[in-house]
Asker: 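One structure follows; several queries about it will come next.
Each chain gets a letter, A, B and so on, in the order the sequences are listed, and its residues count up from 1.
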2 protein chains.
Amino acid sequence: MRVLRTLHEFDFQPFCSKIFLLISYLNLWRQENMYEQLRVYLDSFVKLDDEAALEIEKKFVKKKFPKGSFLAHEGEITREVHFIIKGCCRFYHVKDGRTVTHWFSFEDTFTTSLRSFTTQTPSVEYIQAVENCTVLSLQYEELSKLYEQYQQWERLGRLVMEDFGRQMLDRLTALQTLTAKQRYIMLLQCEPRIIQRIPLNLVSSYLGITGETLSRVRSEIRIS
Amino acid sequence: MRVLRTLHEFDFQPFCSKIFLLISYLNLWRQENMYEQLRVYLDSFVKLDDEAALEIEKKFVKKKFPKGSFLAHEGEITREVHFIIKGCCRFYHVKDGRTVTHWFSFEDTFTTSLRSFTTQTPSVEYIQAVENCTVLSLQYEELSKLYEQYQQWERLGRLVMEDFGRQMLDRLTALQTLTAKQRYIMLLQCEPRIIQRIPLNLVSSYLGITGETLSRVRSEIRIS
DNA sequence: GCATTTTATTGACATATATCAAAAAAAATC
DNA sequence: GATTTTTTTTGATATATGTCAATAAAATGC
């Protein structure tokens with residue numbers, strides 16, 4: 001392979017078209033392998049045996065949520081849990097006329113209004129697509145059946161909930177003990193996706209501070 | 001029955017001894033019905049059938065933790081989960097040389113260092129008895145066996161975790177959106193036990209504020 | 001019961017963060 | 001590409017909460 005002396009010698013045209021081809025293959029793969037993607041995630045908790053794994057394709061339904069649309073709505077019973085294949089969402093509620101974002105979810109996580117879904121009561125929160133989302137959705141009744149029929153699915157539910165509990169504990173500790181600046185730095189280190197893909201005004205309320213304070217914190221960090 | 005005119009006419013001796021007898025019977029009942037107490041709690045999640053319920057008395061062991069002793073210790077793997085029959089505990093960790101209390105547990109709840117117990121890794125937190133505690137303890141291995149053998153126990157685990165998740169979400173929202181005063185008032189309304197039975201210096205760090213601020217908040221409320 | 005330790009309150013002052021207003025920058029829309 | 005709209009930044013000021021120090025009250029130990 002010949003070494004290039006200057007950038008001009010390089011012919012970008014064919015190179016770029018190859019890259020684009022690669023990307024479109026990758027997207028195609030993602031599309032076709034949505035169930036595989038979910039399977040990989042589930043296997044990280046429980047190695048499902050063949051029979052139990054077959055249920056994935058039977059019960060989960062592909063859905064799309066365009067940017068701005070709602071996966072859960074205040075006052076309505078959340079009837080589905082969604083596994084995010086692509087995209088991200090914010091969880092928020094309205095408190096004294098202002099919007100408080102309390103959670104984000106990204107690819108390869110289950111997303112639902114926990115209280116509403118698990119107790120089948122009206123939701124107190126909204127879940128909104130921040131990007132166009134592709135998800136695999138599972139009805140409450142279908143999940144209940146899976147829990148009834150397969151001990152493995154029951155276990156999956158338990159382990160996913162344990163994992164959720166651990167995440168919540170971490171977030172709680174951060175909110176309780178860290179200053180605004182420390183919380184932002186922690187987010188930057190532990191959850192860079194949030195800062196990369198979510199508008200800052202939503203991030204600020206997630207951190208429990210105002211947009212102005214977040215902006216100042218960021219400029220302080222830029223300087224130091 | 002004769003109506004008493006003055007207090008002096010009343011003979012306290014036999015009366016008091018009856019009361020004490022009653023109390024000791026009550027304690028005896030509690031002692032003997034520890035397993036019944038646990039059964040009632042578990043039944044609120046899943047109606048255990050006889051075989052699965054028999055395991056309660058086989059696997060849970062009565063233990064006492066005197067005030068000040070530890071149910072979990074930083075750096076050590078938490079090998080048991082405890083169901084509190086009587087007493088209460090605080091969860092705390094040490095951050096920059098000071099103690100941060102992040103949870104309390106009382107009668108009729110499961111208590112363990114979640115991350116340490118579920119992943120069998122060293123704990124990052126302490127759990128300390130705030131009162132003398134009587135608990136029913138279950139070893140990690142025994143719980144794992146229950147999960148293996150009985151779908152009902154697996155379900156129990158899931159439902160207890162879901163319940164825990166919902167509690168955590170509430171607490172998170174409170175910390176994120178309420179002022180110190182509002183958080184205190186909310187605690188007063190939703191968890192009066194905490195204020196009644198826990199020293200205020202521990203409550204303050206649970207609320208994410210200093211002892212001084214809590215003291216001021218309380219005096220404000222007393223006035224208004 | 002008294003002495004000691006721990007816990008709770010109060011005061012003066014410092015600091016972090018919120019609020020309101022405005023400008024600048026970026027993104028969305030046509 | 002120009003025009004809205006939304007998001008982010010910056011500034012001045014207000015407020016909530018923290019810090020340090022001193023005292024008061026309560027709990028604990030002997």
Side-chain angles (χ1 to χ4, degrees), chain A residues 66-69 87-88 90 92 94-102 104 128-132 174-188 194-224, chain B residues 66-69 87-88 90 92 94-102 104 126 128-132 174-188 192 194-224:
Chain A
K67 181 173 175 174
S69 65
C88 61
R90 70 188 267 238
Y92 73 94
V94 179
K95 167 99 191 166
D96 303 329
R98 53 179 80 191
T99 274
V100 181
T101 298
H102 53 268
F104 298 108
Q128 189 179 31
V130 173
E131 301 171 353
N132 290 322
L175 270 178
Q176 201 185 341
T177 64
L178 304 181
T179 65
K181 190 171 176 176
Q182 291 170 326
R183 294 202 293 268
Y184 177 73
I185 292 173
M186 187 171 170
L187 197 67
L188 213 52
I194 290 182
I195 291 153
Q196 286 153 11
R197 292 165 58 179
I198 310 274
L200 289 178
N201 59 336
L202 305 182
V203 175
S204 68
S205 91
Y206 176 75
L207 288 170
I209 57 180
T210 60
E212 293 92 325
T213 300
L214 177 56
S215 178
R216 280 183 250 271
V217 161
R218 281 162 61 83
S219 71
E220 274 180 55
I221 288 169
R222 237 176 282 134
I223 292 159
S224 60
Chain B
K67 181 173 175 175
S69 66
C88 61
R90 70 189 266 239
Y92 73 94
V94 179
K95 168 99 191 163
D96 303 329
R98 54 178 82 189
T99 275
V100 182
T101 298
H102 52 269
F104 297 108
Y126 299 86
Q128 189 178 31
V130 172
E131 301 171 354
N132 290 324
L175 269 179
Q176 202 185 341
T177 64
L178 304 181
T179 64
K181 190 171 178 176
Q182 291 170 326
R183 295 203 293 269
Y184 177 72
I185 291 172
M186 186 172 170
L187 197 67
L188 214 52
I194 290 182
I195 291 153
Q196 287 154 10
R197 291 165 58 179
I198 309 275
L200 289 178
N201 58 335
L202 305 183
V203 174
S204 68
S205 94
Y206 176 75
L207 288 170
I209 56 179
T210 59
E212 292 92 329
T213 300
L214 177 56
S215 179
R216 280 182 251 271
V217 161
R218 282 162 59 84
S219 71
E220 274 180 55
I221 288 168
R222 238 176 281 133
I223 292 159
S224 61

Asker: By nearest nucleotide on DNA chain C, pick out whichever of Lys67(A) and Thr210(A) is the more 5' one.
Answerer: Thr210(A)

Asker: Check whether any side-chain N or O of Arg216(A) sits under 4.0 Å from OP1 or OP2 of dT9(D), and answer yes or no.
Answerer: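 Result: no.
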
Asker: Provide, to the nearest angstrom, the distance between the CG atom belonging to Leu178(A) and the P atom belonging to dA16(C).
Answerer: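 Taking CG of Leu178(A) and P of dA16(C), I get 15 Å after rounding.
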
Asker: With a 4.0 Å limit, can you tell me whether Asn201(A) has a side-chain N or O closer than that to the phosphate oxygens OP1/OP2 of dT8(D)?
Answerer: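 Answer is yes, contact under 4.0 Å.
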
Asker: Classify the nucleic acid contact of Gly68(B) as base, sugar-phosphate or nothing, counting any heavy atom under 4.0 Å across all strands shown.
Answerer: nothing

Asker: Does a side-chain N or O from Arg98(A) land closer than 4.0 Å to OP1 or OP2 of dT19(C), or not?
Answerer: yes

Asker: Whole Å only: how far is the NZ atom of Lys181(A) from the P atom of dT15(C)?
Answerer: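 Value for this atom pair: 15 Å.
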
Asker: Any side-chain N or O of Thr213(A) below 4.0 angstrom from OP1/OP2 of dA18(C)?
Answerer: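 Answer yes for this pair, as a side-chain N or O of Thr213(A) is under 4.0 Å from OP1 or OP2.
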
Asker: Nearest to the side chain of Arg218(A) - dT17(C), dG18(D), dT9(D)?
Answerer: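 Given the options dT17(C), dG18(D), dT9(D), the side chain of Arg218(A) is closest to dT9(D).
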
Asker: For the pair made of CD1 in Ile198(A) and P in dA26(C), what is the distance, rounded to whole Å?
Answerer: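 Going from CD1 in Ile198(A) over to P in dA26(C) covers 20 Å.
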
Asker: For the side chain of Gln182(A) and the backbone of Ala174(A), is there at least one donor-acceptor N/O pair under 3.5 Å apart?
Answerer: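 Judged by distance alone, no pair lies under 3.5 Å.
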
Asker: So, OP1 or OP2 of dT9(C): does either fall under 4.0 Å of a side-chain N or O from Ser215(B)?
Answerer: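 For dT9(C), OP1/OP2 do have a side-chain N/O of Ser215(B) under 4.0 Å.
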
Asker: Please tell me if the side chains of Ile195(B) and Tyr184(B) come closer than 4.5 Å, counting only heavy atoms from C-beta onward.
Answerer: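 Yes; the side chains approach each other to less than 4.5 Å.
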
Asker: Closest approach to the side chain of Pro199(B), judged atom by atom: which nucleotide of dG11(D), dT7(C), dT19(D) is it?
Answerer: dT7(C)

Asker: Rounding to an integer number of Å, can you tell me how far Leu207(B) CG sits from dA8(C) C1'?
Answerer: 15 Å

Asker: Can you measure from CZ (Arg218(A)) to OG1 (Thr213(A)) and round to the nearest 0.5 angstrom?
Answerer: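 Interatomic distance, Arg218(A) CZ to Thr213(A) OG1, rounded to 0.5 Å: 13.5 Å.
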
Asker: Kindly point out which of dT10(C), dA18(C), dT9(D) is positioned nearest to the side chain of Ile209(A)?
Answerer: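 The listed nucleotide nearest to Ile209(A)'s side chain is dA18(C).
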
Asker: Once rounded to the nearest 0.5 Å, what's the spacing between atom CG of Leu175(B) and atom OH of Tyr206(B)?
Answerer: 8.0 Å

